[in-house]
Structures are given as structure tokens and as C-alpha cells.
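In the text below, chain A, chain B and the rest are named by the order of the sequence lines, each starting its count at 1. Note that the coordinates shown come from a computational prediction; the quantities given were computed from them, not determined experimentally.
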Amino acid sequence: MNYWLFKSEPDEYSLSDLQGEPGGIGRWDGIRNYQARNFLRDQVEEGDGVLFYHSACKVPAVVGTARVARAAYPDPAQFDPESKYCDPKASTDKPRWYCVDIQWQSAFAHPVSLKAIKQNPALAEMVLVKQGRLSIQPVTSAEWRLIEKLGAGSD
DNA sequence: GCCAACGTTGGC
DNA sequence: GCCAACGTTGGC
């Protein structure tokens, strides 16, 4: 069982969008960055915990949690000429991009902002702090527990 | 919308 | 196989 942080722009796909899907299960697609792709394809497993992070918005923050409902499979959008995620270099024989399904689990009473994370010494080693531009990243179990606790507002 | 960090691409 | 150019990401 691994823990991850997934970033999404709330204008594109927010935590409440996921919550509104049938069964709270949505496809996490459109990943077009190789580092993120490699984590997704090689390490993300069904049942893993996901911190849902809103990026490129007014208050970047972890806003809730989800779990991985289905491990990596080829992202259908890469083969769809109508999609903005279409990649002419990808083929069904040799898919280039992958996606997973995740299921909504919780919305935090108190979103944990990037600012708060940066100010917390216990979270200084998070990949989020160390390497800014990575949309899928591993989280330690200690970091997971602390962020869940902060999100619940019981600090 | 600027620009920095990172990984891939491709000309030579 | 070097390395400059390019694409993506995301905080500010």
C-alpha cells in the first residue's frame, strides 16, 4: 500500500467533480509528463491512498483524499484525434500515456494549503516542497497521517 | 503571463 | 552520444 499526491487544476477537474461521478469513481487521465507517467505506470497500485491537491489556483492546497480504484491502463485520450490529449506518436501497440481510476474518499474540513505545508518542518521533505512541478508524486505514510490530521482540523 | 525545473527529442 | 531546443508544469 503506497501513498501518493495527485495534482489537478480545479477548473479542469476538482475534488467535487470526482465526488459527483457515479460511485465517486473517475478516470485520472491527461498525464503528459514522463516522471508522473512513470510513477503512474510502474508504481501506483489498486488500493493506494491519494492526496487530492488543487494546483494552479488561488490557494493551492490538499483538499481531500481518494483511493486508487484501478491500476494503470493506456489513456484512451491519446488515441482520440478529437481530444486535446491526442498524441500522434502513440499507438495501441505502443501506448505512451497511462491513466488510473480513483474513487472519492473524503473532503477535508480544512484544506491543507501549500503555504501551510511549507511552514511545517515535519513536511519539509515532501516532494511537493522539494520539486514543484510534478503532478504525481510519492508521499510517506508519516506525511499522509499528518496531512489527514491537519485536514480534519484536529491540530 | 513569466520563467524555472525537469525530462525528452533530434541534429550533428 | 553530446547538448541545445523544446514541451510540460505550476507558483508567483
Side-chain angles (χ1 to χ4, degrees), chain A residues 2-21 26-45 48-68 70-102 104-140 142-144 146-148 150-151 155:
Chain A
N2 300 308
Y3 296 105
W4 304 97
L5 183 146
F6 284 13
K7 293 181 182 176
S8 185
E9 301 186 20
D11 289 346
E12 291 281 327
Y13 196 81
S14 70
L15 180 63
S16 47
D17 288 334
L18 175 64
Q19 190 176 5
E21 302 267 18
R27 176 185 291 153
W28 194 271
D29 61 2
I31 300 297
R32 294 294 180 270
N33 167 280
Y34 289 94
Q35 271 182 294
R37 190 275 314 266
N38 292 344
F39 281 126
L40 202 60
R41 183 189 59 190
D42 303 333
Q43 296 186 46
V44 175
E45 296 172 351
D48 284 356
V50 174
L51 295 175
F52 200 111
Y53 179 90
H54 282 173
S55 68
C57 56
K58 208 152 62 176
V59 183
V62 178
V63 292
T65 63
R67 61 174 284 279
V68 176
R70 181 181 171 187
Y73 58 99
D75 183 347
Q78 69 193 307
F79 310 125
D80 178 3
E82 302 293 313
S83 170
K84 69 169 176 172
Y85 294 123
C86 180
D87 185 341
K89 291 183 182 158
S91 67
T92 45
D93 284 352
K94 300 189 84 172
R96 177 175 290 203
W97 305 109
Y98 289 80
C99 58
V100 298
D101 291 348
I102 62 173
W104 181 88
Q105 198 164 53
S106 72
F108 285 167
H110 301 281
V112 183
S113 69
L114 177 63
K115 195 174 166 213
I117 289 171
K118 284 182 170 171
Q119 286 171 353
N120 193 320
L123 299 173
E125 294 300 312
M126 282 190 73
V127 181
L128 185 67
V129 177
K130 295 278 202 182
Q131 184 184 339
R133 295 158 187 80
L134 183 56
S135 52
I136 292 183
Q137 53 182 258
V139 172
T140 68
E143 290 161 353
W144 171 278
L146 180 52
I147 288 185
E148 265 202 323
L150 296 173
D155 51 326

Where each residue is assigned the nucleotide of DNA chain B containing its nearest heavy atom, which of Gln131(A) and Lys89(A) is assigned the position nearer the 5′ end?
Gln131(A)
Rounded off to whole Å, could you give me the CD1-to-P distance for the Ile136(A) and dG7(B) pair?
15 Å
Length of the line joining Lys84(A):NZ and dG7(C):P, which is rounded to integer Å:
17 Å
Whole-Å distance separating the CD atom of Glu9(A) from the C1' atom of dT9(C)
9 Å
In whole angstrom, give the distance that lies between atom CZ of Arg32(A) and atom P of dT9(C).
9 Å
Selected nucleotide, minimal atom distance to Asn33(A) side chain, candidates dG7(B), dG11(C), dT9(C)
dT9(C)
Over how many whole Å does the gap from Asn38(A) atom CG to dT8(B) atom C1' extend?
11 Å
Atom CG of Leu128(A) and atom C1' of dA5(B): how far apart are they, to the nearest Å?
15 Å
Round to the nearest Å and state the distance from Arg37(A) atom CZ to dT8(C) atom C1'.
14 Å
Assess Arg70(A) against Tyr73(A): is NZ or CZ under 6.0 Å from the centre of the six-membered ring, and within 45 degrees of the ring's axis?
yes
Rounding to a whole Å, what distance do you find between Phe39(A):CZ and dC6(B):C1'?
13 Å
Look at all strands and tell whether Arg96(A) reaches a base, only sugar-phosphate, or nothing, counting heavy atoms closer than 4.0 Å.
sugar-phosphate
Does dC6(C) have its OP1 or OP2 closer than 4.0 Å to a side-chain nitrogen or oxygen of Tyr34(A)?
no
N/O donor-acceptor pairs under 3.5 Å from side chains in residues 48-57 of chain A, not counting sequence neighbours:
unit_1: Asp48(A); atom_1: OD1; unit_2: Asn2(A); atom_2: N; d: 2.9
unit_1: Asp48(A); atom_1: OD2; unit_2: Trp4(A); atom_2: NE1; d: 2.9
unit_1: Asp48(A); atom_1: OD2; unit_2: Glu45(A); atom_2: N; d: 2.9
unit_1: His54(A); atom_1: NE2; unit_2: Leu15(A); atom_2: N; d: 3.2

May I have the step-by-step check of ring-ring contact (aromatic ring centres under 6.0 Å, His included) for Trp28(A) and Tyr98(A), ending in yes or no?
CA-CA 9 Å; Trp28(A) 194 271; Tyr98(A) 289 80; over 10 Å; no
Phosphate OP1/OP2 of dT9(C) contacted by Lys7(A) side-chain N/O (<4.0 Å)
no
Do any N or O atoms from the side chain of Arg41(A) and from the backbone of Ala72(A) form a donor-acceptor pair under 3.5 angstrom?
no
Tell me whether the OP1 or OP2 atom of dC12(C) has a side-chain N or O from Lys118(A) closer than 4.0 Å.
yes
Before giving the answer on salt bridge (charged side-chain N to carboxylate O under 4.0 Å, His left out), spell out for Glu9(A) and Lys58(A) the whole-Å C-alpha distance, their side-chain angles and the decisive distance to 0.1 Å.
CA-CA 11 Å; Glu9(A) 301 186 20; Lys58(A) 208 152 62 176; over 6 Å; no
Which part of the nucleic acid, if any, lies within reach of Lys115(A) when heavy atoms closer than 4.0 Å are counted: base, sugar-phosphate only, or nothing?
nothing
